[in-house]
Amino acid sequence: MTRTQLTTLDEVQLLDTTLRDGEQMPGVSLTPTEKVDIARELDAAGMHLIEAGSACTSEGEREAIRRVADEGLDATVTSFARGVKRDVDHALDCGVDGINLVVPASDKHVETKVGSTRDDVVDRTVELVEYAKDHDLWVEVLGEDGSRADLDYLERLLGAGLDAGADRICYCDTVGAADPERTAEVVSRLADRGPTSLHTHDDLGFGVANVHAGLKAGADTVHGTVMGVGERAGNVALEEVAIALDRSYDIDTVELERLYRLCRTVSEATGVALPPNKAVCGANAFAHESGIHTDGTLKDGTMYEPYPPETVGRERRLVLGKHAGRAGVKAALAEHDVAVDDDELSEVVSRVKELGDRGKRVTDADLLAITEDVQGRERDRHVELVDLSATSGGNLPTASVRLRVGDDERVASGTGDGPVDAGLEAVRAALAGDGSEQGAGSGVDFELDSYHVDAITGGTDAVVTVEVDLSRGDRSVSVSSTDADITRASVVAMVDGLDRLLSAAAKDGSAPDAASLADD
């Protein structure tokens with residue numbers, strides 16, 4: 001649905017600063033390996049520029065930047081640099097392609113932060129740009145706090161950078177204080193001087209709006225982070241910029257189908273959970289519970305979705321609860337190859353709503369159990385947890401499990417980053433059939449797609465509910481388990497989910513019988 005023309009550009013370039021500005025989010029610290037993993041995903045998605053970090057921070061940070069720079073990425077790899085020569089030297093030592101030279105623009109930053117004057121900042125900026133260009137670096141000059149700077153001075157400062165040889169300049173709404181009108185006013189002046197980028201934050205909720213205003217005013221490149229991670233309310237979320245430009249204005253940026261995978265990678269590395277109501281990457285972005293919405297979506301995917309979930313590497317999800325209708329429940333059962341007649345469907349819907357009325361999320365396992373009871377069917381379990389023990393003392397959390405797999409009992413152990421992770425590895429090892437964590441890589445392949453914990457009582461004896469989404473091939477299942485022990489709740493949920501997946505696979509002949517799981 002293309003509206004008014006936003007820009008004359010066919011493509012807008014994106015600069016990702018997840019590895020620098022995103023890492024400044026309180027509580028986030030990325031290892032060199034994590035930075036490389038994220039950089040690879042960014043490059044695979046077609047990110048144009050990657051700010052790998054701030055070389056002035058520490059030797060450890062410089063090592064991480066070196067590793068990213070040595071990856072041979074198609075993207076231009078840069079380092080953040082303050083307005084001092086040693087920062088440029090540190091960047092050169094890291095082998096990056098260029099620098100994002102950040103100089104103070106507002107009087108608050110010029111006078112109070114660095115104790116300088118406008119003229120001295122301009123002179124220093126010119127010297128540093130010339131020095132960096134003499135060393136064959138790509139240079140972008142950013143006027144820090146530019147949205148609150150005197151506009152005439154900001155234009156003079158950044159114009160001097162361009163005249164000294166900088167490749168581009170950047171409008172920085174450093175504290176997210178600007179509105180779209182102010183952004184358009186400033187960027188229109190800067191874009192007349194040369195190639196202009198946008199660096200916006202979301203403190204007023206204007207992050208994406210300011211990007212659109214800036215592009216309309218003549219900018220051609222957008223800074224941002226994956227998921228919008230960053231200081232305070234965060235940076236503008238690049239996945240939101242990319243999908244909005246594509247769908248509303250037919251403007252190319254990056255490979256959209258890799259956006260969800262990219263968000264998952266950043267979430268896992270940073271420990272920042274994907275908010276359920278977040279555009280593109282949130283769990284609810286393509287989830288439907290309401291009977292009216294589900295029925296309409298099943299008839300026509302565009303009924304209640306602005307674009308197909310496959311566009312960003314997602315799948316549509318039907319959620320069951322008190323708002324569920326017959327069409328949604330029937331479709332959810334069909335995904336598990338379960339057929340019901342009209343009377344059985346009515347009873348299943350009634351029980352699903354009853355669970356929902358009690359405030360409970362109805363998982364796939366709940367739905368299947370309800371249906372089995374309504375149809376009077378007994379279910380033969382393929383996998384069942386018999387016993388679990390876990391220890392987290394010392395340096396290496398360990399867990400042991402005893403599983404009943406068909407007619408056999410299997411005992412295995414595993415280690416991990418914590419007792420829950422160790423429990424999962426022990427389950428993998430038991431299904432592999434060799435009784436040790438070394439076998440975890442073989443056996444039954446499955447993915448833990450999501451893991452969520454809710455404390456449903458308070459105090460030190462809190463009871464928790466663990467919800468997991470597991471997938472195997474093209475099948476997925478959601479399961480929950482409640483216990484006072486988070487490790488037990490987690491392992492029980494995982495085993496129950498695997499049992500459901502293997503039971504479904506056995507029906508259609510796509511999995512071996514339980515006795516031969518070790519040969520899978």
Side-chain angles (χ1 to χ4, degrees), residues 283-301 303-305 308-310 314-384 446-450 452 465 467-482 492-511 514:
N284 294 341
F286 302 99
H288 306 275
E289 178 182 334
S290 165
I292 296 174
H293 281 213
T294 299
D295 182 61
T297 300
L298 289 170
K299 292 174 179 174
D300 181 348
M303 193 77 70
Y304 290 103
E305 292 172 349
E310 296 81 11
R314 301 288 303 276
E315 292 181 354
R316 183 173 298 117
R317 191 165 61 92
L318 301 180
V319 179
L320 301 179
K322 70 177 183 179
H323 302 294
R326 292 173 63 88
V329 172
K330 187 174 182 179
L333 287 171
E335 289 180 358
H336 296 280
D337 299 325
V338 176
V340 291
D341 60 31
D342 287 345
D343 291 340
E344 290 168 344
L345 179 59
S346 296
E347 179 61 22
V348 172
V349 171
S350 177
R351 294 197 191 185
V352 166
K353 287 179 174 290
E354 182 182 342
L355 274 180
D357 281 334
R358 298 208 302 263
K360 189 179 188 305
R361 176 197 173 195
V362 183
T363 66
D364 294 328
D366 294 328
L367 174 64
L368 294 172
I370 289 170
T371 307
E372 288 158 2
D373 186 57
V374 168
Q375 294 183 330
R377 290 187 287 113
E378 291 288 335
R379 183 171 68 90
D380 293 329
R381 290 188 64 107
H382 281 59
V383 183
E384 187 172 8
F446 66 92
E447 296 293 333
L448 176 61
D449 297 320
S450 71
H452 181 72
T465 292
E467 295 181 354
V468 299
D469 291 332
L470 302 176
S471 62
R472 186 171 187 265
D474 60 356
R475 291 184 179 275
S476 62
V477 66
S478 58
V479 188
S480 66
S481 177
T482 300
V492 167
M494 292 174 194
V495 170
D496 286 352
L498 283 169
D499 177 59
R500 290 288 181 181
L501 288 173
L502 292 171
S503 295
K507 285 181 182 179
D508 60 21
S510 63

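Using modelled atom types, no side-chain atom of Asp499 and backbone atom of Arg381 make a donor-acceptor pair closer than 3.5 Å. Looking only at distances, a side-chain donor or acceptor of Ser346 sits under 3.5 Å from a matching main-chain atom of Asp342.
Contact of the Arg351 side chain with the Val374 side chain is registered, since non-hydrogen atoms from C-beta on lie closer than 4.5 Å.
Leu501 and Ser471 get closest at one heavy-atom pair: CD1-C, 4.0 Å. For Ser481 against Val492, the heavy-atom pair with the smallest separation is OG-CG1, 3.4 Å.
For the residue pair Thr465/Ser480, the side-chain donor-acceptor check at 3.5 Å is not satisfied.
In this structure, Glu384 CD and Leu498 CG are separated by 13.5 Å, a value rounded to the nearest 0.5 Å. Rounding to the nearest 0.5 Å gives a distance of 4.0 Å between CG of Leu345 and CZ of Arg326.
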From CA spacing to verdict: side-chain contact (heavy atoms from CB on, under 4.5 Å), Glu347, Asp373: CA-CA 10 Å; Glu347 179 61 22; Asp373 186 57; over 6 Å; no
Intermediate values then yes/no, side-chain contact (heavy atoms from CB on, under 4.5 Å), Asp469 and Val477: CA-CA 6 Å; Asp469 291 332; Val477 66; over 6 Å; no
Derivation of the salt bridge (charged side-chain N to carboxylate O under 4.0 Å, His left out) call for Glu372 and Arg500: CA-CA 13 Å; Glu372 288 158 2; Arg500 290 288 181 181; 2.7 Å; yes
Glu447 and Leu470: CA distance, side-chain angles, deciding distance, side-chain contact (heavy atoms from CB on, under 4.5 Å) verdict: CA-CA 6 Å; Glu447 296 293 333; Leu470 302 176; over 6 Å; no
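The only member of Val338, Ile370, Asp343 that meets side-chain contact (heavy atoms from CB on, under 4.5 Å) when paired with Val348 is Ile370.
Under the side chain to side chain donor-acceptor pair (under 3.5 Å) criterion, Glu344 pairs with Gln375, not counting sequence neighbours. The salt bridge (Lys or Arg N to Asp or Glu O under 4.0 Å) test applied to Asp449 returns no partner, not counting sequence neighbours. Judged as a side chain to side chain donor-acceptor pair (under 3.5 Å), and not counting sequence neighbours, Glu310 has no contacts.
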